[in-house]
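In what follows, chains carry the letters A, B, and so on, assigned in the order in which the sequence lines appear, proteins first and then strands, with residues in each chain numbered from 1.
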2 protein chains.
Amino acid sequence: MKAENRAEDLAADQERLLKVDAKLPRIRDVARVAGVSTATVSRALSQPDLVSAETRAAVLAAVAETGYRMNLAARNLRRKQTGSIVVLVPHLSNPFFSLILSGIAKVASEAGLNVLVADTREPDGADRQIAEYLYNNRSDGLIVLDGNLTEAMFSGDDRKGRPPVMFACEWVEDYDQPAVTVDNRHGARLAVEHLIALGHRHIGHVAGPSDNVLTRQRAGGFRDALAEAGLPTVEHWFIQGDFTLRSGVAAAERWLALDDRPTAVFCFSDAMACGFISQLNRRGIRVPDDVSVVGFDDIDIAAHLIPPLTTIRQPRALIGETAAALLLQLMRLPEMREDAAAMKQMGKILPLELVVRDSTAKPRRAP
Amino acid sequence: MKAENRAEDLAADQERLLKVDAKLPRIRDVARVAGVSTATVSRALSQPDLVSAETRAAVLAAVAETGYRMNLAARNLRRKQTGSIVVLVPHLSNPFFSLILSGIAKVASEAGLNVLVADTREPDGADRQIAEYLYNNRSDGLIVLDGNLTEAMFSGDDRKGRPPVMFACEWVEDYDQPAVTVDNRHGARLAVEHLIALGHRHIGHVAGPSDNVLTRQRAGGFRDALAEAGLPTVEHWFIQGDFTLRSGVAAAERWLALDDRPTAVFCFSDAMACGFISQLNRRGIRVPDDVSVVGFDDIDIAAHLIPPLTTIRQPRALIGETAAALLLQLMRLPEMREDAAAMKQMGKILPLELVVRDSTAKPRRAP
DNA sequence: CTGAAAGCGCTTACAG
DNA sequence: CTGAAAGCGCTTACAG
């Protein structure tokens, strides 16, 4: 690092800052300022362990001085990556996914990756989209939030060379890919135990589609909690739903039609709880005065409903962050994908939390 | 195009299709199959007018045969683009934006561009994000959906070399950038005229923040429509809101506290209408039996509220598509950005539509 | 209308 | 631990 050179460089930098249309600093500029080769700059930035502490410091200083930002297109081209991960979502307009997506985006953007979001329930269909991303090397990795995709879409005899797949929230059963989930069974228990603790003995539930993994787990937890408290599972207090607001509205009509109405209802999604409560309200039934309602998810609107909804909070941002972080691991270690045992270890089950608000209360006439 | 070569190529292609980890076809492969140079393939794909019809057809056939898909990282590197546009949204979790974003994503992905979405109300702040994207060449263009950013963030003496900016929905007043908007004034008139046609003579409104462009325009249309019908603007029937559900709840309490309640209320957003109706419902007031309510936006949930909401539909997907299409134009024609007159022409005002559902009816006691 | 060739800004065996 | 050099897959003046 000769002194004169440094002075010249600084003058050049000044000029560069004034003229915006001047070129942005490249790795070569950093190398010149730091007095090393571009290869060393590249290493100092991407694999710091490979260079000496001294060199590393010089490079970092040069980066700061020049305001260098890596050109990702160049890196991706050289590394034969796309620089993008793709998220497959069942319904993009469902507010449940917003925080998950922003969690994914956060982790991905820190890693210099773009996030592309595709709706699997869009007209062009899930099959085509998956084929597009999985077979055509348009992405470095996939996060799948839709458990209703069939295993056949992913499997096939030519697994190698395909980007890794990470499931989150939902997953495809009998398909041994890692997934970031919550303990849905436990969440359902939390909901029911809360209602029992309040004194409820007549508890119904509004479920999701029967072929859905989440439905099955939550229904299991629901039954377990009742059984443990010595309460029977009353079959006609089971109401079929599909997680949507609209099905919550329909569920309310079903509840109204019952001769022996349960004093509390556990809805498997906040959206259904919302529709359920609104429709009951319309028919003159008050929550929680006449019936207690617990939701599941803790979507943004849950705290602002009338009444504010008691629900099971899913750590949505964390789910997204975790799924993205694990996917990044998988992307970095291609050999790991061949190791079935390691893959099974990889999944994470994240904690769930009961959030008590105003939609639950003691039953009016305690038994 | 020698016959033997073609046969060899086909064999090679077969092999390639079997081995997934084999390399994807590059422009060179297409050139070989079509019997032209890579330069010609590039032109045939990007600027078809520059090659003969015959050549074009040969190239297209070769593309189909090889299954060629362009490597965008390479193109972007060569063209010195980022291949991304950035969308700045005030609140990502607001469902109003979902369809706008998918409209943007549709147009952008057809043009081979990534879409990055950033929330301007996030902790890291709008200023930093704009600086990041505007000054640091991390994107080829910006779509801004937040009119509350100050002009100062965008202006400055070094406009050239910066990516173009397109506003949508909202915009920054006194800053002559093109914007894709709706005629908010007209939308408000549609709402009020509908209520008047139903027989209402006592009409209030729940507005957005007073410094918001949308609020100002809608309030103007509201007053105009009343004036035209010879109805007075009753000042204490104006209720301040901020577009959120929560403020709709508060507005309901304000309405309940009035001695002379208006028989109809025009809410400047569906979210506020939703909160307003829910809270009234809670207090035993029925919509539309006791009071008619009109919203604005037609968000997804509007049709599923109880009652289904009469509202002013914004063509959200179209807003997104149009904003993206215009931004693409701007990106292709950098010289246009210097032409103030052309820039002013560029904006679009999209049509609004009254959607009559069940939240509005004749006033109970017609005057 | 077409081709040969340079080069976008990185990374990474390879050699030392 | 470091550097010289090749090359990722495109595009685009330039020359014909």
Please step through side chain to side chain contact (heavy atoms under 4.5 Å, CB included) for the pair B/Leu88 and B/Asp146, ending with a clear verdict.
CA-CA 7 Å; B/Leu88 261 27; B/Asp146 187 342; 5.6 Å; no

Atom CG of A/Leu24 and atom C1' of C/dC10 are separated, to the nearest Å, by 14 Å

Rounded to whole Å, CG of A/Leu50 lies from C1' of C/dG16 at a distance of 16 Å

Separation of D/dG9 atom P from A/Asn76 atom CG, nearest Å, is 13 Å

*Please step through side-chain hydrogen bond (donor to acceptor under 3.5 Å, both in side chains) for the pair A/Asp29 and A/Thr66, ending with a clear verdict.*
CA-CA 8 Å; A/Asp29 301 309; A/Thr66 54; over 6 Å; no

Separation of C/dC10 atom C1' from A/Lys80 atom NZ, nearest Å, is 15 Å

- Message: Side chains of B/Arg26 and B/Thr38: any donor to acceptor distance under 3.5 Å?
- Response: no

Worksheet item: Would a distance-only check, ignoring hydrogens and angles, find a side-chain to backbone donor-acceptor pair under 3.5 Å from B/Asp140 to B/Thr82?
Response: yes

If pairing means Watson-Crick or G-U wobble with both distances under 3.5 Å, then the partner of C/dA4 is none

Considering only atom P, compute the distance from C/dA5 to C/dC1 and round it to an integer number of Å.
-> 24 Å

Table of protein N/O atoms under 3.5 Å from nucleotides 12-15 of chain C N/O atoms:
unit_1, atom_1, unit_2, atom_2, d
C/dA13, N6, A/Arg43, NH2, 3.0

Here the distance between atom C1' of C/dC8 and atom CZ of A/Arg69, to the nearest Å, is 19 Å

Between CG of B/Asp29 and P of D/dC8 the distance, given in whole Å, is 12 Å

Any side-chain donor-acceptor pair under 3.5 Å between B/Gln81 and B/Asn76?
-> yes

To the nearest angstrom, the CG-C1' distance between B/Asn71 and D/dT11 comes to 13 Å

5'-most contact on DNA chain C (nearest-nucleotide basis), A/Val41 vs B/Ser52, goes to B/Ser52

Side chain to side chain donor-acceptor pair (under 3.5 Å) pairs touching residues 48-63 of chain A, sequence neighbours excluded, are A/Ser52-A/Thr55

Any strand, both distances under 3.5 Å, Watson-Crick or G-U wobble: D/dA13 pairs with none

>> Before you tell me yes or no, could you show the steps for B/Val51 and B/Val59 under side chain to side chain contact (heavy atoms under 4.5 Å, CB included), namely the whole-Å CA-CA distance, both residues' side-chain angles and the distance that decides it to 0.1 Å?
In response: CA-CA 10 Å; B/Val51 303; B/Val59 169; over 6 Å; no

Whole-Å distance, B/Arg26 CZ to D/dC10 P, equals 8 Å

When B/Ala74 and A/Met70 are each assigned the nearest nucleotide of DNA chain C, the 5'-most assignment goes to B/Ala74

Using OP1 and OP2 only, check whether a side-chain N or O of A/Thr55 sits under 4.0 Å from D/dC1.
no

